[in-house]
Q: 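Sharing a structure with you now.
Note that these values count all heavy atoms, side chains included, but never hydrogens, waters or copies made by symmetry.
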Amino acid sequence: MKFLIQKERLSKSIQDVIKAVASRTTIPILIGIKIDATDEGVALTGSNSDISIKSFIPKEENDTELVDIIEPGSIVLHARFFSEIVRKLPDSIIEITVDDQFKTVIHSGNAEFVIHGLDAEEYPRLPIIDSEHSFTMPADLLITLVKQTVFAVSQSETRPILTGIHWVFENNELIAVATDSHRLALKKATLQTEFANNQAYNIVIPGKSLSELIKILEDNNQTLVEIFVTTNQILFKAKNLLFYSRLLEGKYPNTAKLIPTDNKTKVKINTKEFLQAVDRASLLAREGKNNVVKFTTMEQNMIEITSYTPEIGKVVEKVKSLSIEGEEIKISFSAKYMIDALRAIDGSEATIYFTGTMRPFVIKTDQDETILQLILPVRTF
């Protein structure tokens, strides 16, 4: 194998696929990146037990030559060393040559590295996805969908299903839900695809997989992403990129019944002012065990936010709300959960719907009806 390639483009592809390379693995070859040079260009692949990422660099793009293939072939190179070498090479063009014994010479300017590669034939093959369930979504919508839900997945492996985001497809709508059983984030998106027979179906995608996916898509958010679903895999296909993830097995809890349909108190807030006040209160709450702040409605549309930690001290702040309707409410909740929810909502105003001191409450915004956040209160009395 022998080819010349633009350093900048190779480095970008390495950074994309290395996200799938495990630092520790029982399959030694998976600490490497697989490189395939063909007449079309160069493909790089990284893989672990959860995700596989394949990035393709075409020979030419926008009338610029990116790759010159002298001899096609394949090799697997140690991901971390390969990444560091490419990043620090002196010239904008890199020459990579592999001889019969997998010895790989990486040449750029006056620098030359010789590293030992592994046999690409031993690298696991990517799954073949042939699915009736496929649809397209703009990358920026997919990024928003993930960002507004992924923070609410469970970080604990005690209930593995809750470490994923539940995607439910119905007619031409996708509903994404994440919960760690203390809070819930929901986002709806309208798709341009209607599914066969209008049947509803659902999948659970690991939150970690989707977090890695949006890091790669972030740079290229104007593209369309094709999404293919099988019984245990999902494939996201964007320009020059394939991103595979396993799906989580098991039944996701019925979260619809958690969301209250009525309310006794409705508080409309300026999101930024309220978020900053909760953030200040959390300075003392963080030092306690559970990061709890207390919220009390008062006369003249005022809200009192307090936090008390015996060893540290107390904070009290009054915030003017835009409106308060219904019964007076005193409630305690996690400051972190409230901050996460308000950041996800991304509107200048938000409305909090309370149904009682120990009942879950809902946060919505008039500016975007496709998003809902739910938080369970904390018992503090």
Q: What do the steps show when you test M1 against I75 for side chain to side chain contact (heavy atoms under 4.5 Å, CB included), and what is the final call?
A: CA-CA 8 Å; M1 181 175 88; I75 191 73; 3.5 Å; yes
Q: Step by step, work out the side chain to side chain contact (heavy atoms under 4.5 Å, CB included) result for F3 and I57.
A: CA-CA 12 Å; F3 62 89; I57 305 163; over 6 Å; no
Q: Quick one: does any side-chain atom of S211 pair with a main-chain N or O of G207 as donor and acceptor, under 3.5 Å?
A: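 The answer is yes, because a donor-acceptor pair under 3.5 Å joins these two groups.
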Q: Would you sort out whether Y337 and D180 count as a side chain to side chain contact (heavy atoms under 4.5 Å, CB included), showing the intermediate values?
A: CA-CA 11 Å; Y337 290 176; D180 60 5; 3.5 Å; yes
Q: Please tell me if the side chains of T190 and N172 come closer than 4.5 Å, counting only heavy atoms from C-beta onward.
A: yes
Q: Give the minimum heavy-atom separation between A20 and G46, together with the two atoms involved.
A: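 Reported closest heavy-atom pair: CB-O, 3.4 Å.
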Q: Taking all heavy atoms of L247 and all of T230, pick out the closest pair and write down the distance.
A: CD1-O, 3.5 Å
Q: Using 0.5 Å steps for rounding, measure from the NZ atom of K19 to the OG atom of S209.
A: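 Reported to 0.5 Å precision, the distance equals 13.5 Å.
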Q: Distance from I329 atom CD1 to N263 atom CG, nearest 0.5 Å?
A: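 The CD1 atom of I329 sits 10.5 Å away from the CG atom of N263.
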Q: Would L186 end up clustered with I339 when hydrophobic side chains under 4.5 Å apart are linked, directly or stepwise?
A: no
Q: Can you measure from OG1 (T38) to NZ (K59) and round to the nearest 0.5 angstrom?
A: 8.5 Å
Q: Please answer whether the main-chain N or O of T64 pairs with a side-chain N or O of N62 as donor and acceptor at a distance below 3.5 Å.
A: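 A pair under 3.5 Å: no.
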Q: Hey, does the side chain of T271 reach the backbone of S348 with a donor-acceptor pair shorter than 3.5 angstrom?
A: yes
Q: Quick one: CG on D91 to CG on L89, what's the gap to the nearest 0.5 Å?
A: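 With rounding to 0.5 Å, CG (D91) is 9.0 Å from CG (L89).
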Q: Are S154 and S181 close enough that some pair of their side-chain heavy atoms sits under 4.5 Å apart?
A: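 When only atoms from C-beta onward are counted, S181 and S154 do not touch, as no gap falls below 4.5 Å.
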Q: For N240 and R9, run side chain to side chain contact (heavy atoms under 4.5 Å, CB included): C-alpha distance rounded to whole Å, both residues' side-chain angles, the deciding distance at 0.1 Å, then the answer.
A: CA-CA 12 Å; N240 296 328; R9 195 58 186 271; 3.6 Å; yes
Q: Are side-chain N/O atoms of S134 and E226 paired as donor and acceptor at under 3.5 Å?
A: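 The criterion, which ignores hydrogens and geometry beyond distance, is not satisfied for E226 and S134.
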Q: More than 12 heavy atoms of other residues, nucleotides or ligands under 6.0 Å from NZ of K188: yes or no?
A: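 Atom NZ in K188 is not packed in, count stays at 12 or less.
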Q: Within this structure, what is the CG-CD distance for the pair L66 and E8, rounded to the nearest 0.5 Å?
A: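 The distance works out to 10.0 Å.
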Q: With distance as the sole test, does S245 use its side chain to make a donor-acceptor pair with the main-chain N or O of I234 at under 3.5 Å?
A: no
Q: Decide whether L213 and L235 are clustered together by the hydrophobic rule: side chain heavy atoms of Ile, Leu, Val, Met, Phe, Trp, Tyr closer than 4.5 Å, transitively.
A: no
Q: For the side chain of S334 and the backbone of V292, is there at least one donor-acceptor N/O pair under 3.5 Å apart?
A: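 Flag not set: sc S334 to bb V292 has no pair under 3.5 Å.
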Q: In terms of hydrophobic clusters joined by side-chain contacts under 4.5 Å, are I205 and I175 together?
A: no
Q: Do L142 and V204 land in one hydrophobic cluster if side-chain heavy atoms of ILVMFWY residues count as linked below 4.5 Å?
A: no
Q: How about F361 and F295: are their ring centroids closer than 6.0 Å?
A: no
Q: Any side-chain heavy-atom pair from F81 and H116 closer than 4.5 angstrom?
A: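 No - every pair of side-chain heavy atoms lies 4.5 Å or more apart.
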Q: Taking V17 as the fixed residue, which of I216, L44, T45 is the one that meets the side-chain contact (heavy atoms from CB on, under 4.5 Å) rule?
A: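 For V17, the side-chain contact (heavy atoms from CB on, under 4.5 Å) test succeeds with only one of I216, L44, T45, which is L44.
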Q: Return yes if some donor-acceptor pair links the side-chain N/O of Y353 with the main-chain N/O of K364 below 3.5 Å, else return no.
A: no
Q: Have a look at Q148 and tell me which of Q373, R343, K187 forms a side-chain hydrogen bond (donor to acceptor under 3.5 Å, both in side chains) with it.
A: K187
Q: Is any side-chain heavy atom of V67 closer than 4.5 Å to a side-chain heavy atom of L10?
A: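 No; the side chains remain at least 4.5 Å from each other.
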Q: Checking side-chain polar atoms at under 3.5 Å, does K268 have a donor or acceptor matched by the opposite partner on S321?
A: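 Looking only at side-chain atoms, S321 and K268 do not form any donor-acceptor pair under 3.5 Å.
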Q: Measure across A43 and F56 and return the closest heavy-atom pair with its distance rounded to 0.1 Å.
A: CB-CD1, 4.0 Å
Q: Within the structure provided, determine whether Y244 and I129 are in side-chain contact (heavy-atom separation under 4.5 Å).
A: yes
Q: Please determine, by modelled atom types, if T365 and E349 share a side-chain donor-acceptor pair under 3.5 angstrom.
A: no
Q: Just wondering, more than 12 heavy atoms not from E249 lying within 6.0 Å of its CD?
A: no
Q: Is the closest side-chain heavy-atom distance between I165 and L210 below 4.5 Å?
A: yes
Q: Looking at every non-hydrogen atom in both residues, tell me the closest pair between E65 and D68 and how far apart they are.
A: OE2-CB, 4.1 Å
Q: For atom NZ of K320, is the number of surrounding heavy atoms from other residues, nucleotides or ligands below 6.0 Å larger than 12?
A: yes
Q: I would like to know whether T265 and E328 meet side-chain hydrogen bond (donor to acceptor under 3.5 Å, both in side chains); could you show each step before the answer?
A: CA-CA 7 Å; T265 312; E328 183 186 291; over 6 Å; no
Q: If I take atom CD from residue Q233 and atom CD1 from residue I128, how far apart are they, to the nearest 0.5 angstrom?
A: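 Nearest 0.5 Å value for the CD-CD1 distance: 12.0 Å.
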Q: Any idea which heavy atoms bring E327 and T297 closest together, and the distance?
A: O-OG1, 4.4 Å
Q: With a 4.5 Å heavy-atom cut-off, do I375 and I363 have their side chains touching?
A: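 Yes, their side chains come closer than 4.5 Å.
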Q: Minimum heavy-atom separation for G164 and V153, please, with both atom names.
A: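 Reported closest heavy-atom pair: O-CG1, 3.6 Å.
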Q: May I ask you to say whether D340 pairs ionically with R183, meaning some side-chain N is under 4.0 Å from a carboxylate O?
A: yes
Q: Under 4.5 Å between any side-chain heavy atoms of L162 and P253, yes or no?
A: yes
Q: What do you reckon, is CG of N110 surrounded by more than 12 foreign heavy atoms closer than 6.0 Å?
A: no
Q: Dump the intermediate steps for salt bridge (charged side-chain N to carboxylate O under 4.0 Å, His left out) on K54 and D36, then the final yes or no.
A: CA-CA 10 Å; K54 185 173 185 175; D36 291 299; 5.2 Å; no
Q: Same cluster or not: F243 versus W167, using hydrophobic residues (I, L, V, M, F, W, Y) connected whenever any side-chain heavy atoms lie under 4.5 Å apart?
A: yes
